[in-house]
Every structure is written in structure tokens, then in C-alpha cells.
Asks: 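My structure is below; once you've seen it, I'll send some questions.
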Amino acid sequence: EAGVTQFPSHSVIEKGQTVTLRCDPISGHDNLYWYRRVMGKEIKFLLHFVKESKQDESGMPNNRFLAERTGGTYSTLKVQPAELEDSGVYFCASSLTGQAEQYFGPGTRLTVT
Amino acid sequence: QKEVEQDPGPLSVPEGAIVSLNCTYSNSAFQYFMWYRQYSRKGPELLMYTYSSGNKEDGRFTAQVDKSSKYISLFIRDSQPSDSATYLCAMSGVGGFKTIFGAGTRLFVKA
């Protein structure tokens, strides 16, 4: 069974540009999560989808971040415009309904210059 | 004060040693406790999962949760060089499963 996949693995963009990250959860997992790890800090929760609905977006840092999950399958996280402090590794995770165990993707390393 | 405290290490042990990793937390609402292993440039890999208090064993790994002390532990027996990685404790409450992570402990097992 395929795990959580994320694309791209690495993105380097200039301040002010737009970047879109993609996550494909494990097939059948209705729950999808986004997390972020910035340099020297813990992995931090960004938001949680149940199917196509946002269950909890309390961790989204500001309105430059937009997450979508149309159709309840894959999800995208758009950063527009990107700032230097957005640099970090963005992880996606998924889980089955009612299960606390989350399975993580390999992450997208975002560098904003 | 952070919700989850974890010593970042590094922790260096000889091959075959018993490794003890631990975390403390402040939020009594946490019910689910996880340990993840993360190799360099990879995503966190779920290692152990425990609900509420108690012990859980899986091969060389044992997870312990003491909710009265707000303290969780991961023990690795007969440690191997391949166990060298960062170990992250993580926990969540009921409902949405928003997961809070510790800083991660960097472990080195020397052959």
C-alpha cells in the first residue's frame, strides 16, 4: 500500500512569489493534516481536514496560507506571497476515521530567499 | 512553558545498550501518546502508539505512559546502529487529533 506522498520534495522560491504544495494521503484516509517544522523548532500543527471540510485550522499562521482539499482526496497548501520566515519543512499526514495514529509523508522542504 | 518538553540531546550510547527516552507534558487533556522515529531528511515514522496510561511492548521497544505524573517514556533494548535517528514524542486529545510534538531527541548508537 502506498504511503502519504508529497510534491515537490524541495522548492526554492524568492520572497513575494507563490508556491503550492501537494499532498496525497493514504487511500481511504478521510483525515488529512498539515504540519510545519521551521529551523530549530518543533513540528507544529497547521490544520486538519475531514474529507473536504476544514475541521481545525487553528495553526494556520496568517492569511497568506490557503489549504484546500477539493473532493476529499489530495490537498494543496498555497503560500502567497511567500516570506522569508515561511522557510521550513512542510509535512502532511493522514489517518483513518476515529484513529489518532497519523502517518506522515516525507515532507516538502521550502526555502524562501 | 511548552505543552510538551523533550530533551533534544544528543544522546550517544554503545551498541547493545538500553536506551531511555522521555517527555513530560502539561495538558491533562492528552489521551493519545505516540513515538515517532525520524531519519535525516525523511518524514516521521510512527513507532509506538498508546491510549491513556499503561505500557505497550513491540519487539525491542516499550512505551510507558504515566498520566498521573504527565510523563511518557520509550525504552529501546539491545540498541543497534540502525536505531540512530531523532525520536519524537507526540500527543493529542480527543476529537480532532491535533497532535503536539516534542522537540525530538537525537540518538546515536555507536558500533
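This one's a predicted model, so the numbers in the text were calculated from it and none came from an experiment. First the proteins, then the strands, lettered A, B, ... as listed; each starts at 1.
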Asks: Check whether A:V19 and A:M60 end up in the same hydrophobic cluster, where Ile, Leu, Val, Met, Phe, Trp and Tyr are linked by side-chain heavy atoms less than 4.5 Å apart.
Replies: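 Hydrophobic grouping puts A:V19 with A:M60.
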Asks: At a heavy-atom separation under 4.5 Å, does A:S95 approach chain B through its side chain, its backbone, both, or neither?
Replies: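 When you check distances to chain B, no heavy atom of A:S95 falls under 4.5 Å.
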Asks: When rounded to the nearest 0.5 angstrom, what is the spacing between OG1 in B:T99 and OH in A:Y35?
Replies: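 The distance works out to 3.5 Å.
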Asks: Going only through I, L, V, M, F, W and Y residues with side-chain contacts under 4.5 Å, is there a path from B:L47 to B:M91?
Replies: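 As far as the 4.5 Å side-chain criterion goes, B:M91 and B:L47 are connected within one cluster.
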Asks: Just wondering, more than 12 heavy atoms not from B:K67 lying within 6.0 Å of its NZ?
Replies: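 Atom NZ in B:K67 is crowded, with more than 12 foreign heavy atoms closer than 6.0 Å.
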Asks: Assess whether atom OH of A:Y74 is packed by more than 12 heavy atoms of other residues, nucleotides or ligands within 6.0 Å.
Replies: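 Open.
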Asks: Is B:I100 in contact with chain A via its backbone, its side chain, both, or neither, using a 4.5 Å heavy-atom distance?
Replies: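 Answer is neither: B:I100 stays 4.5 Å or more from chain A.
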Asks: Over all heavy atoms of both residues, which pair between B:P44 and A:F104 is shortest? Give the atoms and the distance, please.
Replies: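 That would be O-CB, 3.3 Å.
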Asks: Is the side chain of A:Q102 donor-acceptor paired with the backbone N or O of B:F97 at a distance under 3.5 Å, no angle test?
Replies: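 Such a contact is found between A:Q102 side chain and B:F97 backbone.
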Asks: Crowded around A:K78 NZ? As in, over 12 foreign heavy atoms under 6.0 Å?
Replies: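 At most 12 heavy atoms, drawn from other residues, nucleotides or ligands, come within 6.0 Å of this atom.
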Asks: Assess whether atom CZ of A:F7 is packed by more than 12 heavy atoms of other residues, nucleotides or ligands within 6.0 Å.
Replies: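 Atom CZ in A:F7 is not crowded, with 12 or fewer foreign heavy atoms closer than 6.0 Å.
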Asks: What part of A:Q99 gets within 4.5 angstrom of chain B, counting heavy atoms only: side chain, backbone, both, or neither?
Replies: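 The backbone, not the side chain.
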Asks: Start with the C-alpha gap between A:R37 and B:Q38, add the side-chain angles, then the distance that decides, and say whether side-chain contact (heavy atoms from CB on, under 4.5 Å) holds.
Replies: CA-CA 13 Å; A:R37 185 170 200 163; B:Q38 187 175 22; 3.6 Å; yes
Asks: Determine whether A:Q55 and B:K98 make a side-chain contact, defined as any pair of heavy atoms from C-beta on separated by less than 4.5 Å.
Replies: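 A side-chain contact is absent here, since even the closest heavy-atom pair is not under 4.5 Å.
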Asks: Kindly state whether the ring of B:F101 and the ring of A:Y33 have centres lying under 6.0 angstrom apart.
Replies: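 Ring centroids of B:F101 and A:Y33 are no less than 6.0 Å from each other.
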Asks: Hydrophobic cluster membership, with links at side-chain heavy-atom distances under 4.5 Å among I/L/V/M/F/W/Y: are B:L21 and B:V4 in one?
Replies: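 Yes, same cluster.
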Asks: Take B:R41 and A:R109, measure what side-chain contact (heavy atoms from CB on, under 4.5 Å) needs, and give me the verdict at the end.
Replies: CA-CA 9 Å; B:R41 301 274 174 159; A:R109 185 171 297 273; 3.1 Å; yes
